[in-house]
Amino acid sequence: MKFDKDGNVTTFEKKKMELYHELSLQARDLRFQHLTSITARNNNIIIRMEALKAVVTPNSLLVLDFRGLGLERWLVLELAPQLNGDHGALATHSLPFEFRALEAILQHRVNTLQARLNEVHPVILDILESLVDPKLLSADRSKLHILLQNSKNLSELETDIKVFKDSLLKILDEEEMIEELCVTKWTDPRVFEESSLGIDHAEEMELLLENYFMQAEELGNTTRELKGLIDDSESVIFINLDSHRNVMMRLNLQLTMGTFSLSLFGLMGVAFGMNLESTFEEDPKVFWLVTGFMFLGSGLIWRRLLSFLGRHLEPTVPPQIPTVWKRNQINSKGGEVKSGLR
């Protein structure tokens, strides 16, 4: 699909050799070996942003192999108006065509990354809020599975953001590369004269790239904060479960000591149950006396064991669990998401 600076949109099919000849490029230039890259070749800007492959010339924008990638809606409804100067993040209508084309593609990439973040962000927060409940005796495996899947998606998103930032940073670190991206300046003498008179296109291009680099940096910071929140919440979950486990172990130990104490003095009943003849059977009060002595002795032994346990084992203090979540505002084109702990 071809977009020219006059607002015309045409769909065409050409052989690769014809396209190479028309753009004065070599075959290696359009192999798109990297998933994210921005390079300048023979007064053309070759761009790849994941599935999007495009070539920007001083007069047109060529989007290659776009069918079946879900880009048709964006190409018709958003890209064409941006190239015509109807809207945009920067006032690039007074600058050459490649500024509008490059801005539109970078904005599309940032919006895509933001949409992916908006998709996983509230899901992760909701799951973490339910898992850190201090009353929770066990972790829900279904929620842990969902958290694992979203954590994997978050890691992939963090990698994609880093690659996008690195591709922009590579250009920002080289002044010659920024100059090469100003393709109209080298093909139109009038534009070159305007640049010499004070309109610094290289500086405008640098500002354009820095703008989207900062947006990507904010997305990267949000993903890192969310990953840190997952790690912190994982520690809280383990502490919470360990606390409940310690309580159960302590209760089990107390019951075991009580059973031991009762069994120890229960030997007296065993001895009397052997049908041995003695003078105690003839006295009706002896049964109640022996029974009371058994329970009293068992109680004293149990209290003694509990006192020993209290001296050697400190009581378990439940950990402070964050119960109220505060979500920070995240400015995005699609909406607002909140994050964080209070």
Side-chain angles (χ1 to χ4, degrees), residues 3 23 25-58 61-66 69-71 74-75 78-79 82-83 88-90 92 95-118 153-186 201-224 227 332-333:
F3 302 82
L23 298 176
L25 297 173
Q26 300 294 328
R28 64 176 179 272
D29 295 330
L30 295 181
R31 286 176 181 171
F32 299 102
Q33 297 179 356
H34 302 285
L35 292 178
T36 302
S37 62
I38 303 175
T39 56
R41 291 287 188 277
N42 295 333
N43 294 328
N44 296 296
I45 304 176
I46 303 173
I47 303 173
R48 179 172 184 182
M49 296 291 167
E50 294 291 339
L52 177 61
K53 303 175 183 178
V55 178
V56 180
T57 71
L61 168 63
L62 304 179
V63 181
L64 310 178
D65 302 329
F66 64 91
L69 301 177
L71 298 175
W74 171 72
L75 291 173
E78 297 186 28
L79 180 58
Q82 281 184 271
L83 295 179
L90 297 176
T92 57
L95 294 172
F97 175 78
E98 67 265 18
F99 284 82
R100 298 198 301 271
L102 185 58
E103 180 187 6
I105 293 176
L106 293 178
Q107 184 65 54
H108 171 70
R109 182 57 178 163
V110 170
N111 289 343
T112 302
L113 296 174
Q114 181 70 64
R116 291 171 57 186
L117 178 60
N118 292 343
N153 296 335
L154 187 64
S155 298
E156 294 176 355
L157 175 60
E158 185 180 21
T159 302
D160 293 341
I161 293 175
K162 184 179 183 301
V163 172
F164 177 65
K165 287 169 49 182
D166 291 343
S167 64
L168 296 180
L169 187 61
K170 180 180 178 181
I171 300 174
L172 291 172
D173 288 340
E174 298 290 340
E175 295 183 1
E176 294 181 358
M177 296 182 66
I178 297 177
E179 290 281 355
E180 291 176 356
L181 293 180
C182 304
V183 293
T184 305
K185 176 181 177 180
W186 308 110
H201 288 184
E203 183 178 350
E204 295 292 336
M205 180 63 70
E206 184 178 3
L207 291 175
L208 175 64
L209 297 177
E210 285 181 349
N211 175 51
Y212 289 99
F213 177 82
M214 295 304 299
Q215 293 187 39
E217 182 71 20
E218 292 178 0
L219 293 177
N221 292 337
T222 303
T223 56
R224 285 191 294 271
K227 290 189 67 176
S332 63
K333 182 178 179 181

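Heads up: numbering here begins at 1 and tracks the sequence.
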Side chains of [X] and [Y]: closer than 4.5 Å at any heavy-atom pair?
X      : Y      : value
Asn153 : Glu156 : yes
Thr57  : Asn43  : no
Leu157 : Leu113 : yes
Leu23  : Val55  : yes
Thr184 : Phe99  : no
Lys170 : Ile38  : no
Phe97  : Val183 : no
Glu180 : Thr39  : no

Kindly compute the distance separating [atom1] ([X]) from [atom2] ([Y]), expressed to the nearest 0.5 Å.
X      : Y      : atom1 : atom2 : answer
Asp166 : Ile171 : CG    : CD1   : 11.5 Å
Leu117 : Asp160 : CG    : CG    : 12.0 Å
Glu179 : Glu206 : CD    : CD    : 10.0 Å
Glu210 : Glu203 : CD    : CD    : 9.5 Å
Lys162 : Ser167 : NZ    : OG    : 11.0 Å
Thr159 : Leu154 : OG1   : CG    : 9.5 Å

Q) Which pairs pass salt bridge (charged side-chain N to carboxylate O under 4.0 Å, His left out) with one or both residues in residues 33-48, sequence neighbours excluded? A)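 Listed once each, the pairs are Asp29-Arg41.
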Q. Out of Leu209, Val56, Leu208, which one pairs with Leu181 under the side chain to side chain contact (heavy atoms under 4.5 Å, CB included) rule?
A. Leu209
Q. Which residues satisfy the salt bridge (Lys or Arg N to Asp or Glu O under 4.0 Å) test with Lys53, sequence neighbours excluded?
A. none
Work out which heavy atom in [X] is nearest to a heavy atom in [Y]; give both atom names and the distance.
X      : Y      : answer
Pro96  : His201 : CG-CE1, 3.7 Å
Phe164 : Thr36  : CA-CG2, 4.1 Å
Leu61  : Ile105 : CD1-CD1, 4.0 Å
Leu219 : Val110 : CD1-O, 4.1 Å
Leu168 : Tyr212 : CD1-C, 4.0 Å
Trp74  : Ala104 : CZ2-O, 3.9 Å

Q) Which is it for Arg224 and Glu217 under the salt bridge (charged side-chain N to carboxylate O under 4.0 Å, His left out) test, yes or no, and what are the steps along the way? A) CA-CA 11 Å; Arg224 285 191 294 271; Glu217 182 71 20; 3.8 Å; yes
Q.
Does atom CD (Glu174) have a neighbourhood of more than 12 heavy atoms from anything else shown, all under 6.0 Å?
A. no
Q.
For Glu50, is the CD atom crowded, meaning more than 12 foreign heavy atoms sit under 6.0 Å from it?
A.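 Enclosed.
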Q.
side chain to side chain contact (heavy atoms under 4.5 Å, CB included) for Lys227 and Glu158? Distances and angles first, verdict last.
A. CA-CA 10 Å; Lys227 290 189 67 176; Glu158 185 180 21; 3.1 Å; yes
(Q) Among Asn111, Asn118, Thr112, which residue satisfies the side-chain hydrogen bond (donor to acceptor under 3.5 Å, both in side chains) criterion with Gln114? (A) Asn118
